Amino acid sequence: MPEYKLSHLKELEAESIHIIREVAAEFENPVMLYSIGKDSSVMVRLAEKAFAPGRVPFPLMHIDSKWKFKEMIEFRDKYAAEHHWNLIVEYNKEAYEAGVGPFTHGSKVHTDLMKTQALLHALDKYKFDAAFGGARRDEEKSRAKERIFSFRDRFHQWDPKNQRPELWDIYNTRVNKGESIRVFPLSNWTELDIWQYIRIENIPIVPLYFAKERPIVNIDGNLIMVDDDRMPEEYRKRAKMMKVRFRTLGCYPLTGAIESEADTIEKIVEEMMVTTKSERTTRVIDFDQEASMEQKKREGYF
Amino acid sequence: MNETKKDKLNISEFLDQDEKKDLLRLLTAGSVDDGKSTLIGRLLFDSKKLYEDQLDALERDSKRVGNAGDNIDYALLLDGLKAEREQGITIDVAYRYFSTNKRKFIIADTPGHEQYTRNMITGGSTANLAIILVDARTGVITQTRRHTYLVSLLGIKHIVLAVNKMDLVNYDKNVFDKIVEEYRKFVEPLGIPDVVCIPLSALKGDNVVDKSENMTWYTGRALLDFLETVHIANDHNLKDFRYPIQYVLRPNLNFRGFSGRVASGVVHKGDEVLAIPSGKKSRVKSITTYDGELDEAFSPQSVTLTLEDEIDLSRGEMLVHPDNVPHISRYFEAMLVWMDEKDMERDQQYFIKQTTNTTRVHIERIRYKVDVNTMEQSMTDALTLNEIGRAVFVTNKPIFFDSYKKNKSCGSFVLIDPITNNTCAVGMIIDEVKSSDLASTITEADRKKMQEGVSAVTVAEREKHLGHEGRLFSVVGDNLAAQRECAYMLERRLFDIGHFAVVLDAETLGLKNRDNAAFAAIAETLVGQGLTVICIDLYGEVKADAFTIGIDKETSQPVERDKNFCTINRQHIAEAVENIINIKL
């Protein structure tokens, strides 16, 4: 008798596909939030797998903070066109026109207006009743306690002390009008699992993940790349070429690079195995205040 | 140069190996002071998964709020949420991930105190193995028994009893032996196949990753070694093929696929399959995935099946092998754990979600509840938060199930409160209940009442079921067509907003010109049973407290003469009906 056993990656894949289909079957108007990062790339591939040979039955939505790396936007548009995604791009028009940005307003105001508020506005605009996010439980302490199907009230808020019990693979998808569920199909994946999957599935990712010579300024200990001339002159003039890569991708002024020689997935994993920094350290926004991710999550940010 | 090449090879080898590792899901349970978080912190730390910056943050936090003096407080690594960090306790299930050269692990870390039983149940539902911690100084306590009972209830087949803080009892073998003896005596009747006891000190690292030099008398394995090698009898039932249809895939006219996760068992291309509940048979034409077709699929794979015959199937239905069919019934018995702050209400209908099926369910009776601390059984009418009982259920439509013991995927369900949408309870099915057995819930006293003409269904039960009280409307006037238009318009609109109403028309009932009293009696009986009745009343008042709608030609708005009467205009019946609904409901 053959041994009917799945490897951990195949088991995680089967679990994620089940979650994605459950949402498509039980919600009227779901959306997949697409951040252009590596986790999003994996999530989109899993969605494609869930409905093959058909097409993914819900749109992808990117909340553009208008401060993303240029390479991210190029990547997004290229793959959306090639894969015929139904892609929605939304941004906070008022704040953008008022000139909000991390250099002028600080990371807290920028993140709130260009990410959290933009997201909440877009969710209300399209009346989505379920939104997929690519967050993993191993990323951050408050995420480790979140359900896979995470209930949000009418104001998109998360109440960590009052979560619905979630057992086996039976998910409670019932919401009243105006309420919604955030769904995290990658909950049980680790960073290494993501890289493994990208490697064996040959999933395209933004080139910024791979080491290359890039113009870098050290701002308060973070290695920030000069991506455009909205970066104040005083910083720009200090820029030096350094061989760096990014472990996570976000707004370029808020995403620190790490010095690296890793220009293949194998080298990245190797570097990761011996690395001394976990991945969210390069995200400036986590350090705004104690328990800041939990705070942002309560307010509606992922 | 050679070295670089070798490194490169190594990492690829590492990745190739890593890819093939299996996954062990484990649950940890212990009371607040057993050092559970410390143990997990130690496993993560010693298996070299902790990154330096997490440690930096830890040192910073330890100095401010830590409970471990000068030592690193491992618990702070795990207690993620702000609220609980302030209280110094773990308040919910937290999931942790680590891997070794042999396996990947997912830890569900759950709190120990009684009010959070629901979290332990949540954390344990997918676990292969449970680590139950006891403090060597206190031994087996009430909470140890409770945790063990819950683990057995969830059908977890492997338990590690981790006797922690051995350093505080001088690594004394006698202390350990006594605890083990007591625990084994207690655990035996629960029928858990694999129970292993390990003496350790999470704080000092004895027998966590490496064998302790302080307890040479212990001949067993260290905890991590055990976790890496324990043979996990496949939790997935591979015998009974069950395929709940999750999603129907129809990308084009030539492809009709049924997507789902194999809940249990194995299916091959070409297998004969039976659709439940329709009873139609076909054969598996293909097992489709994004990565190509498969010859067979097994639990817990997510695939898409196509069938040789064009049979209509939808979500909630199930494919099985014709010679191995689950129970198909509206009646079953299960162990139920109440998870909601809101108590169980016996005359309430709940939603039940089991596999991909959702229907309504009524809790017919509770056979007993179990005291989780002593495991004693007692009688009760309803369960409250964290209570566990054995109950009989009746669903509105049949569900397809196996016993939880035989098949977790098809024997588990959740109950959802239809008002709050909370997951209010979870259940594990024991067996089908024959409907003849249910008749025994009718007592002698009930029979006597029935013989006297008293309904066994109370008005309160009906109202709860319908979601509203019964009301009586009477539509009067001198134009039957207008009266009927008004009555049926009202019925339609009430129905649309979830209000169950019927129209009584004296003429179609054959009561015209005959017995007005009989007509009124029928209306009143129905209203008394919780129904809303709209009478087309040709001969005046049906009942004094009916809401009467008079129709004439002149009035433009509903005129409320008093609270029980209004007049509406024949030309504007639709608007008037809206107004009446808005005012009266």
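Model, not experiment: these values are computed from the prediction. The basis for the numbers below is simple: all heavy atoms, side chains too, and nothing from hydrogens, waters or symmetry mates. Naming: A, B, ... by sequence-line order, numbering from 1 per chain.
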Legend entry - Whether B/Phe298 and A/Tyr4 hold their rings parallel, tilted or perpendicular, with breakpoints at 30° and 60°: tilted
For the backbone of [Y] and the side chain of [X], can you confirm whether one donor and one acceptor N or O come within less than 3.5 Å of each other?
X	Y	value
B/Lys353	A/Tyr171	yes
A/Glu11	B/Asp22	no
A/Ser7	B/Lys20	no

Less than 4.5 Å to any heavy atom of chain A: does that hold for the side chain of [X], its backbone, both, or neither?
X	result
B/Lys104	side chain
B/Asn252	neither
B/Ile107	neither
B/Ser409	neither
B/Val266	side chain
B/Ser412	both

Inset, instruction - Kindly compute the distance separating NZ (A/Lys5) from CG (B/Leu23), expressed to the nearest 0.5 Å. - result: 8.5 Å
Taking the side chain as every heavy atom from C-beta outward, state whether [X] and [Y] have any pair of such atoms under 4.5 Å apart.
X	Y	answer
B/Thr356	A/Glu26	no
B/Tyr97	A/Asn188	yes
B/Tyr95	A/Ser187	no

[X] versus chain B, the contacting section by heavy-atom distance below 4.5 Å:
X	result
A/Glu15	both
A/Ile265	neither
A/Glu48	both
A/Asp169	side chain

Which heavy atom in [X] sits nearest to a heavy atom in [Y], and how many Å separate them?
X	Y	value
A/Asn172	B/Asn421	ND2-O, 2.9 Å
A/Ala50	B/Ser259	O-OG, 4.5 Å
B/Leu249	A/Ala52	CD2-O, 3.3 Å

Inset, instruction - May I ask you to check whether A/Arg164 and B/Thr420 show a side-chain donor-acceptor distance below 3.5 Å? - result: no
Inset, instruction - Heavy atoms only, distances under 4.5 angstrom: which of B/Met339, B/Gln301, B/Arg315, B/Glu341 has the most pairs with chain A? Name it, please. - result: B/Arg315
